[in-house]
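Here is the structure we will look at.
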Amino acid sequence: VLGVPGVIDAFVTENNTGADTTVGTQTILAHSIYVAVQGGLDPDVAKAIWTKKPPCSNYSGSTSVTVEDDNSGYVTPPTYTVKFQRPAALGVNFVVTIANRPDVPGDIATQVQAVIADTFPDLARIGQTMFASSYVCPIAALGGYARILGVEVNGGASQAVGINQFPTLGTVTVTLA
């Protein structure tokens with residue numbers, strides 16, 4: 001699925017038990033695979049899932065796409081309904097506090113915002129926990145003037161991202177103290 005053009009993130013799991021299960025707020029049906037995908041076109045994503053799905057397993061998800069079996073051996077190709085999840089956006093806001101020193105440039109807020117925006121895509125993933133501390137080194141790399149007093153993500157040290165959520169960068173507030 002990650003190889004589908006336009007896909008920027010995916011989370012895949014299965015429920016191989018005989019009962020529905022819940023992960024966070026997402027129900028995964030019994031004997032099914034669950035695929036959350038951000039990006040890509042629905043038909044391309046569905047085809048990629050269908051070609052890799054184990055036999056005799058169901059699908060969990062709210063997006064349904066009909067896939068046609070393109071095997072040339074069929075006179076009338078069979079079709080299959082593939083389900084997957086398009087994750088909901090989860091806004092992620094940052095508050096960064098920098099020591100107010102004489103060598104801090106006037107554009108420190110812009111610099112910090114750019115570093116977080118550049119780093120965010122690599123650290124913000126479906127089904128993962130985001131840690132504010134992961135952003136300390138990239139901010140500190142700005143230079144000796146970037147003395148970090150604190151970094152918060154959504155008001156705390158970490159932000160859990162559900163398997164049905166895709167983190168999106170919200171505001172980055174930089175304060176000097």
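The figures here come from the full heavy-atom set of this structure, side chains too, leaving out hydrogens, waters and symmetry mates. One is the number of the first residue; the rest follow in order along the sequence.
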Rounded to the nearest 0.5 Å, what separation is found between the [atom1] atom of [X] and the [atom2] atom of [Y]?
| X | Y | atom1 | atom2 | value |
| --- | --- | --- | --- | --- |
| Phe131 | Thr129 | CZ | OG1 | 5.0 Å |
| Tyr74 | Asp69 | OH | CG | 4.5 Å |
| Leu142 | Ile148 | CG | CD1 | 8.0 Å |
| Ile126 | Asp9 | CD1 | CG | 4.0 Å |
| Ile28 | Ile163 | CD1 | CD1 | 4.0 Å |
| Leu176 | Asn100 | CG | CG | 4.5 Å |

Could you walk me through whether Val37 and Arg86 pass side chain to side chain contact (heavy atoms under 4.5 Å, CB included), step by step? CA-CA 6 Å; Val37 182; Arg86 289 297 189 176; 3.9 Å; yes

Check Val12, Val1, Val45 against Phe84 for a side chain to side chain contact (heavy atoms under 4.5 Å, CB included) and give me the one that passes. Val45

Do [X] and [Y] have side chains that get closer than 4.5 Å, going by heavy atoms?
| X | Y | value |
| --- | --- | --- |
| Phe94 | Val112 | no |
| Leu90 | Gln159 | yes |
| Val23 | Tyr34 | no |
| Ile116 | Ile139 | yes |
| Asn93 | Val95 | no |
| Lys52 | Ile33 | no |
| Ser57 | Glu14 | no |
| Tyr59 | Ser64 | no |

Is it true that a side-chain atom of Thr17 and a backbone atom of Ala19 form a donor plus acceptor pair closer than 3.5 Å? yes

Apply the test side chain to side chain contact (heavy atoms under 4.5 Å, CB included) to residues Met130 and Asn154: give CA-CA distance (whole Å), side-chain angles for both, the deciding distance (0.1 Å), then the verdict. CA-CA 10 Å; Met130 296 179 57; Asn154 280 354; over 6 Å; no

So which atom in [X] and which in [Y] form the shortest heavy-atom distance, rounded to 0.1 Å?
| X | Y | value |
| --- | --- | --- |
| Gly156 | Ala132 | O-CB, 4.1 Å |
| His31 | Gly18 | NE2-CA, 3.3 Å |
| Pro77 | Glu68 | CB-CG, 3.5 Å |

Same apolar cluster: [X] and [Y], side chain cutoff 4.5 Å:
| X | Y | value |
| --- | --- | --- |
| Leu2 | Phe11 | no |
| Val174 | Leu149 | no |
| Leu29 | Val35 | no |

Checking side chain to side chain contact (heavy atoms under 4.5 Å, CB included) for the pair Tyr145/Ile98: CA distance, chi angles, key distance, verdict? CA-CA 9 Å; Tyr145 57 85; Ile98 302 288; over 6 Å; no

Would you be so kind as to tabulate the donor-acceptor pairs closer than 3.5 Å made by side chains of residues 102-109, with sequence neighbours excluded?
unit_1, atom_1, unit_2, atom_2, d
Asp103, OD1, Arg101, NE, 3.2
Asp103, OD1, Arg101, NH2, 3.4
Asp103, OD2, Arg101, NH2, 2.8
Asp107, OD1, Gln111, NE2, 2.7

For side chain to side chain contact (heavy atoms under 4.5 Å, CB included), just list the numbers for Ile8 and Phe166, CA-CA rounded to whole Å, side-chain angles, deciding distance to a tenth of an Å, and then say yes or no. CA-CA 10 Å; Ile8 57 175; Phe166 179 74; 3.6 Å; yes

Would Ser62 and Gln85 count as having a side-chain donor-acceptor pair, cut-off 3.5 Å? yes

Does either side chain, that of Ser32 or that of Ser60, offer a donor lying less than 3.5 Å from an acceptor on the other one? yes

So does Arg147 have more than 12 non-hydrogen atoms from other groups sitting under 6.0 Å from CZ? no

